[in-house]
Amino acid sequence: MVHLSHKFSTIPINFIPKQFSKHLPQQIQSQPTPPFIPFSQRQNQRSLLESQLISALNCCTSLTQIQQIHARVLRKGFEQCCYVLTKLIRILTKMEIPMDSYAKLVFNQVENPNPFLCTALIRGYCLQGLVKESVFVYSEMRKKSVLPISFTFSALFKACGVVNDVDLGRQIHGQTILIGGFGFDLFVKNSLIEMYVKLGFLGCGRKVFDELPERDLISWTELIVGYVKAGDMESAGELFSELPKKDMVAWTAMVTGYAQNAKPREALEFFERMLNEGVETDEVTLVGVISACAQLGAAKYANWIRDIVENLGFSPTRCVVVGSALIDMYSKCGSVEDAYKAFKVMEEKNVFSYSSMIAGFAMHGYAYAALELFHEMVKIGIKPNKVTFIGVLTACSHSRMVEQGRQIFESMEEKFGISPGVDHYSCMVDLLGRAGCLEEALNLAETMPLEPNGGVWGALLGACRTYSNPDIAQIAANHLFELEPNAIGNYILLSNIYASAGRWNDVLMVRKMMREKGLRKNPGCSWLETKKGVIQEFFAGDMSHPRYGEMKQVLEDLLNRLKAIGYQPNMNSIAYDVSDEEKTRILITHSEKLALAFGLLDINADFPIRIMKNIRMCEDCHSFICGVSQITRRVIIVRDNLRFHHFHDGKCSCGNFW
DNA sequence: ATAGGGTTAG
């Protein structure tokens, strides 16, 4: 083995491969290698040292180590060596060590910086949000006549994207045209498109794209994503279909795009097309698909994606993003147990995983679990963000935990340095309102330091419905009619509040407002998945279902049995001034009751009946289903527009508070 | 070297 290393060391340094030797001047070729060349030996030593320094830098894990090596760099006379210095900057960048002054120091010592060193600095500063420094380096570089490379511009455009400075971007864009050769550099152009798209100047991005003599997949994908982010899926789809050769990233951009733009069915459709065309998928694709399934909220899709994840051999425990997406999906598909299982097995958990899980618990009414998890994440050092607090506060709000909620709200700024946003205030108004402190909730809405939005007044209006307070409702509704004049739900809520207070004239007035605006009531709709796996829809008051006769029989039967144990239809849930008899008839054809009847007929007794609903459940349906879960001993899970109700044994997981 | 990813209130 010693022999082998000996063999390597005898390869002459000045060895010139044969195919190149003919290009060399004759003299050099014919000159015999002198037995000793002090200079080249020194060179040799120097390059040895250089590579030692480089590999030492590669092994660095802390700033101290880097500083030690830097000292060595200076000691050995490498303070002008761009190669080593570039490496140093890149390591600092990679390790996210703030280089506000450190890198500048390095830069100032170098007399003849090369483009790579300058570019590494620009990029490093940019990634640390020090865009001014990036631009400074660029101007220094122009002053010293260092010619930029493509990557210089790319880094600069990225920097402009970071600080939202389109003017600067435009300026530099101009320079790419002036400074030789970059006007047509595809890499530079792609970075430019990315910048414009990121800053919302989609038209400029498009112009750059259209003027390109040739484009690559990356230019196309960037623009597609631009349209996706702008919510224009039609243009995105058009571009995508024109794309001559599509790869996984482009496909994924479309799948994710549909998911992000609330078109989950299209997302799944694209995903299936993608599979059919034999395009590879990876975890990024899956995240988009999982998110689409979450939006559909059907257990069927949760199971479907579970199989896909398993068949593709992805381990959701490994990838924190996939795991977090799964937590959200399982929660939204009604199985907080599965969500927690997914959470439990994740190897790495971050603020997303915790926030999703907390929101999942909150959604299902497990406030204590949500709070416990919150404290756990704080304890193990994961810093909550503003989304986390939304979850925690909703959890408190849905469980009447006013004091805990208040404390957490106050701790946001004090302990975690997150100043509450409008949405947090709306959680607080909700928390107070649900607990019946309407005056205090109103006061908070009126005195909060931020401009209250629809969420704030909407929460208050909702609380007024729960506690039948038409006066405060009127205040909240007036704000809402201004902020969201076309949101039908607000008019309906207000009219219901007036109705339950018997203020029928006011009801008529609200109706008139709705008519004048041309707003029509959103019909109540529920759906469930049948035994055969078909989604069946039920509309309130709809008697045209083929099995309506049987369903009606079931409901009447249930009604009688429930009345026998003390249930009374809740007439307050009907906002029409009609006879009690008529109210009872309307109540019994609410869509969730129809779905429930169908579910009892169709679904085997061992399985829960899962119903989804487009609007909030009324009081009457809630107590009716509570009763049904008791007398039939069935588990019934209803998802309304914002949360889940698990009915079991006469009780609901929301504790009659939602 | 450049393109695609998860959590949010009434």
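Proteins come first, then strands; the chains are lettered A, B, ... in the order of their sequence lines, and each starts at number 1.
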Interatomic distance, Asp185(A) CG vs dA1(B) C1' [rounded to whole Å]
11 Å
Could you tell me whether Lys263(A) and Glu269(A) have a side-chain N and a carboxylate O separated by less than 4.0 Å?
no
How many whole angstroms separate atom CE of Met363(A) from atom C1' of dA9(B)?
11 Å
Below the 4.0 Å mark, does dG10(B) have OP1 or OP2 next to a side-chain nitrogen or oxygen of His398(A)?
yes
Should the side chain of Ser426(A) and the base of dA9(B) be counted as holding a donor-acceptor pair, with the cut-off at 3.5 Å?
no
Remember a base hit wins even if backbone is also touched, and classify Thr256(A) as base, sugar-phosphate or nothing at under 4.0 Å, heavy atoms.
sugar-phosphate
dG10(B), dG6(B), dA9(B): which one has an atom nearest the side-chain heavy atoms of Asn350(A)?
dG6(B)
Spell out yes or no: do the side chain of Ser355(A) and the base of dT7(B) have one donor N/O and one acceptor N/O closer than 3.5 Å?
yes
Which part of the nucleic acid does Asn190(A) contact within heavy-atom distance under 4.0 Å: base, sugar-phosphate only, or nothing?
base
Please work out whether the ring planes of His479(A) and Trp457(A) are parallel, tilted or perpendicular, with thresholds of 30° and 60°.
parallel
Which is true for Ile224(A) with a 4.0 Å heavy-atom rule: it touches a base, it touches only sugar-phosphate, or it touches nothing?
nothing
Classify Lys198(A) by what it touches in the nucleic acid, base, sugar-phosphate, or nothing, heavy-atom distance under 4.0 Å.
nothing
Proximity to the side chain of Phe352(A) - top-ranked nucleotide from dG5(B), dT7(B), dT2(B):
dT7(B)
Leu217(A) CG to dG4(B) P, straight-line distance once rounded to whole Å
13 Å
Taking dA1(B), dT7(B), dA3(B) as options, the one with an atom nearest any side-chain atom of Asp328(A) is dT7(B)
Has Lys246(A) got a side-chain N or O lying under 4.0 Å from the OP1 or OP2 atom of dA3(B)?
no
Send over the distance from Asn469(A) CG to dG10(B) C1', rounded to a whole Å.
17 Å
Lys NZ or Arg CZ of Arg215(A) over Phe209(A) ring: under 6.0 Å, within 45°
yes
With heavy atoms under 4.0 Å as the rule, sort Met248(A) into base, sugar-phosphate or nothing.
base
Counting only side-chain heavy atoms from C-beta out, which of dG5(B), dG6(B), dG10(B) sits nearest to Glu484(A)?
dG10(B)
dG10(B) base / Asn641(A) side chain donor-acceptor hit below 3.5 Å
no
Tyr83(A)-Phe116(A) aromatic ring centre distance below 6.0 Å
no
Check every strand shown and say whether Asp247(A) touches a base, only sugar-phosphate, or nothing at a heavy-atom separation below 4.0 Å.
base
Does a salt bridge link Lys189(A) with Asp185(A), judged by any charged N lying under 4.0 Å from a carboxylate O?
no
If only side-chain N and O atoms of Arg123(A) are considered, is one of them under 4.0 Å from the OP1 or OP2 phosphate oxygen of dA1(B)?
no
Nearest to side-chain heavy atoms of Ala325(A), which nucleotide of dT2(B), dG10(B), dG6(B):
dG6(B)
To the nearest Å, give me how far apart CD (Glu283(A)) and P (dG6(B)) are.
13 Å
Write down the distance between CD1 (Ile358(A)) and P (dA9(B)), rounded to a whole number of angstrom.
14 Å
Need one value for Gln260(A): base, sugar-phosphate or nothing, where a base atom within 4.0 Å counts as base even if backbone is also close, heavy atoms only.
sugar-phosphate
Tell me whether Asp338(A) is salt-bridged to Arg306(A), with the criterion being a basic N under 4.0 Å from an acidic carboxylate O.
yes
Identify which nucleotide among dG6(B), dA3(B), dG4(B) has an atom closest to any side-chain atom of Thr285(A), counting heavy atoms from C-beta outward.
dG4(B)
Cationic tip of Lys341(A) above Tyr330(A) ring, under 6.0 Å, 45° of axis
no
Mind checking if Arg434(A) touches a base, just sugar-phosphate, or nothing, with heavy atoms under 4.0 Å?
sugar-phosphate
Taking the side chain of Ser324(A) as heavy atoms from C-beta outward, which of dT2(B), dG6(B), dT8(B) is closest to it?
dG6(B)
Phe374(A) has an atom CZ; how far is it from atom P of dT7(B), in whole Å?
20 Å
Regarding Gly257(A), tell me which of base, sugar-phosphate or nothing describes its non-hydrogen contacts under 4.0 Å with the strands shown.
nothing
Identify whether any heavy atom of Ser154(A) sits under 4.0 Å from a base atom; if not, whether one sits that close to sugar-phosphate; answer base, sugar-phosphate or nothing.
nothing
Please determine, for the side chain of Val321(A), which listed nucleotide (dG6(B), dA1(B), dT8(B)) has the closest atom?
dG6(B)
Tell me whether the side-chain N/O atoms of Lys189(A) come closer than 4.0 Å to OP1 or OP2 in dA1(B).
no
Under 4.0 Å between any heavy atoms, over every strand shown, what does Asp430(A) touch: base, sugar-phosphate, or nothing? Just pick one.
sugar-phosphate
Out of dA3(B), dT7(B), dG4(B), which nucleotide sits closest to the side chain of Ala253(A)?
dG4(B)
What do you reckon, are the aromatic ring centroids of Phe481(A) and Tyr491(A) less than 6.0 Å apart?
yes
Return the nearest nucleotide to the side chain of Val249(A); candidates are dT2(B), dG5(B), dG4(B).
dG4(B)
Please report, rounded to the nearest Å, how far the C1' atom of dA9(B) is from the CG atom of Leu393(A).
9 Å
